[in-house]
Amino acid sequence: MAQKPRSTKPRSPPATAPRLGRALKRSFFDRSVHEVAPDLIGTTFLVDGVGGIITEVEAYHHSEPAAHSYRGPTPRNQVMFGPPGFSYVYRSYGIHWCVNFVCEQPGSASAVLIRALEPTHGLAAMRRRRGVEDERALCSGPGKLCEALGITIAHSELPLDRPPIALHARLEAPDIVAGVRIGITKAVDLPWRYGLKGSKFLSKRFPR
DNA sequence: CTAAGGATCTACT
DNA sequence: GTAGATCCTTAGC
């Protein structure tokens, strides 16, 4: 007698991580921070294989007072004054780490703050590090995503195209929204925050 | 809403 | 040197 057609195959495997685009080279960052920042939306950012799709960033330029580089080089921000394509990690509010990608020519002192990701790779590691289950709470803020990816000051001043860091190009052009930056008290009106339109993985909604 | 938390920077002595 | 303010945030009330 024919058996019931119930599945003899193993349960469908866990959702596989999305296919990755080509690896980004350091030269990707050798452009205006205002071009690089929106171009980062939709790219995949991994640290030791853990990470996801960048959904939210902010641009900072030395010419405006919200930038750490505004008052010139210091021990903390000196990597911002160096060549593009390197990481800049700083301690925020004495508690969290935040990661930036340095852009433009040496001396331009501009960088993109990575503010949120859609987790796609290494979800178990992220949940363990963050101590929360909800996917939307893993990387929805600059401090949260550093905790989820294991980023500390040890990850500052590293090249963005070498392990442990990897960046992969987006496969399709995303719809991007812009707005004012979050958490700053100076130059508050510059619309230099960029986000993936409609994403559920933002630190905060973009006003319509 | 606010505390937590510690480095960093400015403005002085 | 040292005091005091600030800070690209988050979690929890």
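Worth knowing before you read on, the calculation uses all heavy atoms, side chains too, and leaves out hydrogens, waters and symmetry mates. Numbers restart at 1 for each chain; the letters A, B, ... are given by sequence-line order, proteins then strands.
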Does a side-chain N or O from [X] land closer than 4.0 Å to OP1 or OP2 of [N], or not?
{"X": "Thr74(A)", "N": "dC9(B)", "value": "yes"}
{"X": "His68(A)", "N": "dC8(C)", "value": "yes"}
{"X": "Lys144(A)", "N": "dA11(C)", "value": "yes"}
{"X": "Arg115(A)", "N": "dT9(C)", "value": "yes"}
{"X": "Lys204(A)", "N": "dT9(C)", "value": "no"}

Protein-nucleotide distance ([X], atom [atom1]; [N], atom [atom2]), rounded to Å:
{"X": "Arg76(A)", "N": "dT10(B)", "atom1": "CZ", "atom2": "P", "result": "10 Å"}
{"X": "Arg91(A)", "N": "dA7(B)", "atom1": "CZ", "atom2": "P", "result": "7 Å"}
{"X": "Ile182(A)", "N": "dT9(C)", "atom1": "CD1", "atom2": "P", "result": "8 Å"}
{"X": "His96(A)", "N": "dA3(B)", "atom1": "NE2", "atom2": "C1'", "result": "11 Å"}
{"X": "Arg130(A)", "N": "dT10(C)", "atom1": "CZ", "atom2": "C1'", "result": "8 Å"}
{"X": "His62(A)", "N": "dC8(C)", "atom1": "NE2", "atom2": "P", "result": "18 Å"}
{"X": "Glu147(A)", "N": "dT10(C)", "atom1": "CD", "atom2": "P", "result": "10 Å"}
{"X": "Asn77(A)", "N": "dC8(C)", "atom1": "CG", "atom2": "P", "result": "12 Å"}

**Study point:** Electrostatic pair Glu147(A):Arg129(A) at N-O distance under 4.0 angstrom
**Key:** no
Exercise for review: If dG4(C) has a Watson-Crick or G-U wobble mate with both distances under 3.5 Å, name it; if not, just say none.
Suggested key: dC9(B)
Check your understanding: According to the 5.5 Å centroid and 30° plane-angle thresholds, does Tyr60(A) stack upon the nucleobase of dC8(C)?
Key -> yes
**Study point:** Arg181(A) to Tyr60(A) six-membered ring, cation-pi geometry met (6.0 Å, 45°)
**Key:** yes
Shortest side-chain distance from [X], nucleotide among [options]:
{"X": "Pro75(A)", "options": "dC8(C), dT9(C), dC9(B)", "result": "dC9(B)"}
{"X": "Arg71(A)", "options": "dA11(C), dA4(B), dT10(B)", "result": "dT10(B)"}
{"X": "Tyr90(A)", "options": "dC7(C), dT9(C), dC8(C)", "result": "dC8(C)"}

Study note, to complete from the structure: Nearest-nucleotide check on DNA chain C, Thr185(A) vs Gly141(A); residue mapping nearer the 5' end is Thr185(A)
Review point. Base, sugar-phosphate alone, or nothing: which one does Leu113(A) contact when heavy atoms must sit under 4.0 Å apart?
Key: base
Review point. Are Tyr70(A) and His61(A) linked by a side-chain donor-acceptor pair shorter than 3.5 Å?
Key: no
**Study point:** Under 3.5 Å donor-acceptor, Thr55(A) side chain and Phe201(A) backbone
**Key:** yes
Point to revise | Expected output: side-chain Asn100(A) to main-chain Ala111(A) donor-acceptor under 3.5 Å | key: no
